[in-house]
Amino acid sequence: MNVMSQTWVAIGDLTEIPVLGARCVKNGDMTIAVFRTADDQVLAIEDKCPHKNGPLSQGIVHDNCVTCPLHNWVISLETGRAQGADEGSVRVFPAKQEDGKVYLALTV
Amino acid sequence: MTRQKLVVVGNGMAPGRMLEHLFTLAPDTYDVTIFNAEPRVNYNRLMLSPVLSGEKTYEDIITHDDAWYADNGIILHKSAKVSGIDRGAKTVTSENGITASYDKLVIATGSSPFIIPLPGKDLDGVLTYRDLDDVEKMLVAAKSGGRAIVIGGGLLGLEAAAGLKMQGMEVTVLHLMPTLMERQLDPAAGYLLEAEFVRRGIEVRTKANSHEILGTEDGKVRGIKLDDGTIIEASIVVMAVGIRPSTDLAKATGLDVNRGIIVADDMRTSDPDIFSLGECVEHRSMCYGLVAPLYEMAEVIASNLTGGSSTYTGSVTATKLKVTGVDLYSAGDFAEGEGREEIVLRDGAAGIYKRLVLKDNRIIGAVLYGETSDGPWFFDMLKKGTDVSVMRDTLIFGQAYQGGDPLDPTAAVAALPDDAEICGCNGVCKGKIVTAIKDKGLTTLDDVRAHTKASASCGTCTGLVEKLMTATLGDAFNPQAVKPVCGCTHHSHDEVRRLIKVKGLKTIPAVMQELEWTTSQGCAKCRPALNYYLVCDWPDEYADDYQSRFINERVHANIQKDGTYSVVPRMWGGMTSSKELRAIADVVDKYNIPAVKCTGGQRIDMLGIKKEDLPGVWEDLGKAGFVSGQAYAKGLRTVKTCVGSDWCRFGTQDSTGLGIKLEKFMWGSWTPAKLKLAVSGCPRNCAEATCKDIGIICVDSGFEIHFAGAAGLDIKGTEVLGLVKTEEEALEYVVALAQMYREQGHYLERIYKWAKRIGLDEIRQQIMDDAEKRQGYFDRFVFSQKFAQVDPWSERVSGKDKHEFKPMAAFSLEAAE
Ligand code: SRM
Ligand SMILES: Cc1cc2nc3c(=O)[nH]c(=O)nc-3n(C[C@H](O)[C@H](O)[C@H](O)COP(=O)(O)OP(=O)(O)OC[C@H]3O[C@@H](n4cnc5c(N)ncnc54)[C@H](O)[C@@H]3O)c2cc1C
Ligand code: SF4
Ligand code: FES
């Protein structure tokens with residue numbers, strides 16, 4: 001890992017993501033879900049529920065968490081950890097928005 | 001010692017404050033020369049809004065008058081914009097040819113309004129809001145009346161809008177984001193603010209994207225066109241969408257400039273003899289747009305100009321909106337997040353909303369609306385990082401509540417005199433409620449409402465009434481007996497539905513505010529419920545919130561275990577044709593759909609479709625006349641039929657035809673839970689009508705209407721609603737029943753559970769015996785169908801919600817962790 005360097009890659013405009021919604025970014029075989037919160041933070045996690053791989057990008061977003069569309073696990077968008085009684089976690093990726101542009105940290 | 005020469009470029013609020021400090025610290029160190037592009041002395045820019053609204057005059061807001069400059073020996077060049085700095089010769093020169101030399105130079109050029117590069121931006125009547133000249137132009141325009149459009153629902157835009165309204169103009173605010181002042185306020189406070197502006201007669205359009213400013217032939221503003229094609233007529237357009245630090249001069253001079261002029265902690269630019277402060281600077285990657293930080297900078301420069309070594313380390317800012325009668329305060333970071341806790345206080349009746357965000361027992365953010373007197377107190381603790389754990393429970397009530405014994409709320413109610421009014425709407429006082437509880441043996445809130453009317457109207461005194469019941473009945477009263485919708489509220493579904501109507505609540509933030517939700521955004525349980533209630537109650541006015549819908553309803557297809565989707569088109573009453581089947585076969589081939597199945601609902605399911613392919617699949621199906629089967633909806637699903645009198649030797653009526661009529665009449669309607677119908681041609685019941693939500697059994701004498709069956713998680717035969725003679729009646733009664741259920745059902749409550757709760761007799765009485773009620777239900781259903789019967793697939797084929805169906809970007813890089 002340490003030979004790689006992390007760069008911010010622009011993936012589009014903030015307005016392309018609905019408030020309290022998500023868009024997907026394909027990265028090779030992996031899909032990353034990029035969420036936009038009520039106060040315009042962007043948070044990114046792998047689009048794969050720790051329970052049974054449900055597409056988290058399709059869930060309902062609330063309180064910086066997403067409820068998985070398949071069996072209602074609630075996953076924190078910040079830590080990737082399942083909330084409440086459920087256990088498991090999903091990968092989290094650094095993401096940010098600046099002046100309406102959304103960036104994702106990728107290693108090159 | 002000879003005096004040094006200090007030259008200041010720009011005469012705004014920041015350098016004004018700096019000079020005050022300088023003259024206090026060391027009055028005789030510098031000969032000061034100021035160049036100002038504006039033709040006037042220093043005034044308080046913050047107070048332009050009261051000047052615009054007419055509450056103050058220019059004279060009232062002057063900070064330094066001509067005498068002040070004279071007294072301090074300052075040379076002030078008015079209307080003199082500096083156009084060049086010669087760092088070698090240490091001189092500055094203005095556009096009108098004045099040159100001055102300096103030992104130390106301070107650049108304080110402030111910022112300039114951002115102009116959106118729209119077609120028509122140069123028309124006469126397109127204004128900005130930055131200085132007194134702008135205000136004067138607006139005041140001239142206001143004299144001739146007409147409409148003003150303000151682009152931008154931030155601090156400046158709203159102040160401009162309120163001012164122009166007070167000057168008698170019609171005003172429309174266009175704001176790109178869903179809620180006003182979204183950078184300072186969370187959606188709940190943004191909603192309250194919008195409601196207040198609307199109350200003042202200012203039109204607010206959120207999510208409004210301007211497309212073009214329209215002009216007359218002689219180059220004057222005539223109106224604006226939005227992206228959605230709407231045209232709004234107006235005589236002026238005020239752009240208040242943001243500011244940009246004014247850095248042209250510094251850039252041309254060769255100083256380091258990024259977004260703003262870069263300064264170090266000692267407020268020096270990349271040239272040690274040149275300082276800079278105010279909105280034009282960038283310090284530690286931050287540019288500021290409020291005066292508080294600038295004042296801190298001013299102190300630092302004044303000290304450093306007189307031999308000190310002060311440093312500026314950045315500021316935390318708080319915002320207040322200065323519109324008379326609107327109390328609003330926001331500070332710090334109020335985003336939600338891991339390890340953060342929020343304390344929310346809502347008082348729907350008084351229009352108060354307060355939210356504190358805590359982390360590690362310290363306030364990190366505050367939003368106050370309606371009552372802001374504690375803003376500075378919270379802000380002070382925020383800045384100091386005060387540990388608030390000891391006063392946590394009473395913190396939100398403000399400074400006045402700290403220290404003394406917190407009064408137990410039930411004891412407080414018990415201590416009220418008998419003639420204290422509890423319910424304002426119905427004028428019910430405490431004595432009457434207590435007497436009713438004792439004499440009539442009332443034990444539930446609903447009983448108290450029925451007998452006294454207390455809390456039966458707007459409901460805001462419910463809490464008081466409950467406390468009074470606790471005080472009177474002790475443990476015999478358990479207010480928790482009503483099951484709340486979810487953890488975000490103490491209201492039950494019934495309460496929420498009742499209050500939405502009584503209070504005329506028409507948005508999710510409105511419900512959450514007025515009904516005092518304890519979370520800021522609700523959860524995956526309450527949001528879909530609220531969305532349904534609002535769609536049902538305000539079909540023409542409510543804008544469906546797709547982010548509050550479960551994925552299937554959001555994209556109009558059923559999600560499958562592997563993240564693909566299934567597509568089920570309508571086959572009206574289960575009938576199909578070779579043309580339809582051929583179209584399905586073609587779609588299956590074209591999109592390599594892995595599975596095709598006959599459903600239990602008499603139609604065909606195509607399973608395993610990739611999300612990206614959905615619009616294509618729908619487009620092809622749409623060409624063959626198919627619409628969505630809504631197999632995903634809490635809404636009308638299928639109407640199963642049997643072949644009936646058309647073919648069957650026992651058929652008594654045209655069950656297929658009636659089924660198709662019902663489906664065509666009712667498709668698209670949203671219901672509390674899914675709604676499935678069936679029509680059988682005779683009591684042999686081949687369409688299984690007697691286990692459906694609503695079923696019809698055709699008989700020789702007419703149509704027997706059934707309802708409240710179940711054949712899923714529970715199994716239950718239907719109940720008979722009644723017998724009607726004609727097909728028209730059958731349709732009318734079924735539709736009325738469906739509407740009654742729509743208006744009363746709890747979200748996710750199937751019709752059999754609703755019927756059990758309401759009582760079968762009550763339903764029979766209203767639908768079969770009360771013609772007026774039935775007609776009312778029927779009419780309301782028909783009205784709502786005007787808005788509901790839009791095929792969601794064809795809408796999406798023509799581009800709606802495009803973002804749902806394709807990735808935002810694609811890479812083949814590794815993602816960092
Ligand atoms: C496709 C189908 C099975 C089939 O292959 O035949 C089906 C498939 C599903 N049913 Fe069903 N039900 C199907 C007919 C039925 C029937 C029979 C009927 O409608 O006559 C019933 C019993 C009657 C009833 O509705 O109660 C039925 C009772 C359920 C239930 C239990 C509901 C209940 O309140 O008891 C669920 C679970 C739920 O809704 O929470 C359910 C849920 C589901 C879901 C939506 C599960 C889910 O949430 O993903 C399945 C979606 C599959 C998909 O993507 O298409 N399905 N389901 C049938 C589609 C009918 C259609 O054309 O629209
Ligand atoms: C309507 C309105 C309401 C506001 N309300 C609030 C509020 O409630 N709270 C708050 O904290 N802040 C508020 N602000 C922001 C606040 O006014 C600014 O932060 C503050 O005025 C910035 O001070 P400054 O000295 O950096 O710049 P300015 O006050 O903008 O002064 C810059 C001056 O430099 C002049 N200038 C520019 N270039 C040159 C040049 N080359 N040569 C000579 N002169 C030049 C300009 O003409 C201008 O007069 C408000 C602003 C406006 C417009
Ligand atoms: S019975 Fe219905 S919900 Fe259960 S597996 Fe079959 S289709 Fe899915
Ligand atoms: S796959 Fe996400 S909850 Fe089951």
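Letters A, B, ... are given to chains in the order of the sequence lines, protein chains preceding strands, and every chain is numbered from 1.
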| Any side-chain donor near an acceptor of the partner, B/Tyr353 and B/Asp186, under 3.5 Å | yes
| said: Taking every non-hydrogen pair under 4.5 Å, which of A/Asp29, A/Ile17, A/Asp39 racks up the most with chain B? | reply: A/Asp39
| message | Applying the side chain to side chain contact (heavy atoms under 4.5 Å, CB included) criterion to B/Pro187, which one of B/Thr507, B/Thr179, B/Leu192 satisfies it? | response | B/Thr179
| said: Please classify the contact of A/Asp13 with chain B as side chain, backbone, both or neither, using a heavy-atom distance under 4.5 Å. | reply: backbone
| task | Between chain A and each of B/Lys611, B/Arg183, B/Glu804, B/Glu182, count heavy-atom pairs under 4.5 Å; write down the option with the most. | result | B/Lys611
| Checking A/Asn53 against chain B: side chain, backbone, both or neither under 4.5 Å from a heavy atom? | neither
| said: Does this structure show an ion pair linking B/Asp545 with B/Arg549, if we count only N-O contacts that are shorter than 4.0 Å? | reply: no
| Contacting moiety of A/Pro55, where chain B heavy atoms sit under 4.5 Å | side chain
| note | Under 4.5 Å to a heavy atom of chain B? For A/Thr37 that would be neither
| request: Below 4.5 Å from any heavy atom of chain A, which atoms of B/Arg554 appear? Answer side chain, backbone, both or neither. | output: side chain
| message | Taking the cut-offs as 6.0 angstrom to the six-membered ring centre and 45 degrees off its axis, would you call B/Lys800 and B/Tyr546 a cation-pi pair? | response | yes
| Most contacts with chain B, counted as non-hydrogen pairs under 4.5 angstrom, among A/Val19, A/Leu43, A/Thr67 | A/Val19
| Interatomic distance, B/Asp544 atom CG to B/Asn531 atom CG [nearest 0.5 angstrom] | 4.5 Å
| request: Run the salt-bridge test on B/Arg355 and B/Glu342 with the 4.0 Å N-O cut-off and return the result as yes or no. | output: yes
| task | Would you mind checking which part of A/Glu78 comes under 4.5 Å of any heavy atom in chain B, side chain (CB onward), backbone (N, CA, C, O), both or neither? | result | side chain
| said: Please classify the contact of A/Ala44 with chain B as side chain, backbone, both or neither, using a heavy-atom distance under 4.5 Å. | reply: neither
| field | Contact origin within A/Ser57 toward chain B - heavy atom pairs under 4.5 Å | value | backbone
| request: Would you check, one step at a time, whether the test salt bridge (Lys or Arg N to Asp or Glu O under 4.0 Å) holds for A/Glu98 with A/Lys96? | output: CA-CA 7 Å; A/Glu98 263 172 29; A/Lys96 65 174 181 183; 3.3 Å; yes
| Side chain / backbone / both / neither for B/Ser548 at chain A, heavy atoms under 4.5 Å | backbone
| task | Please name the residue in the list B/Tyr632, B/Phe805, B/Phe550 that meets the ring-ring contact (aromatic ring centres under 6.0 Å, His included) test with B/His556. | result | B/Tyr632
| said: Which atoms of A/Gln41 are under 4.5 Å from chain B, going by heavy atoms: the side chain, the backbone, both sets, or neither? | reply: side chain
| For A/Leu104 and A/Ala95, which heavy atoms make the closest approach, and how far apart are they? | CD1-CB, 3.8 Å
| query | Of the backbone (N, CA, C, O) and the side chain (C-beta and beyond), which part of A/Leu70 lies under 4.5 Å from a heavy atom of chain B, both, or neither? | reply | side chain
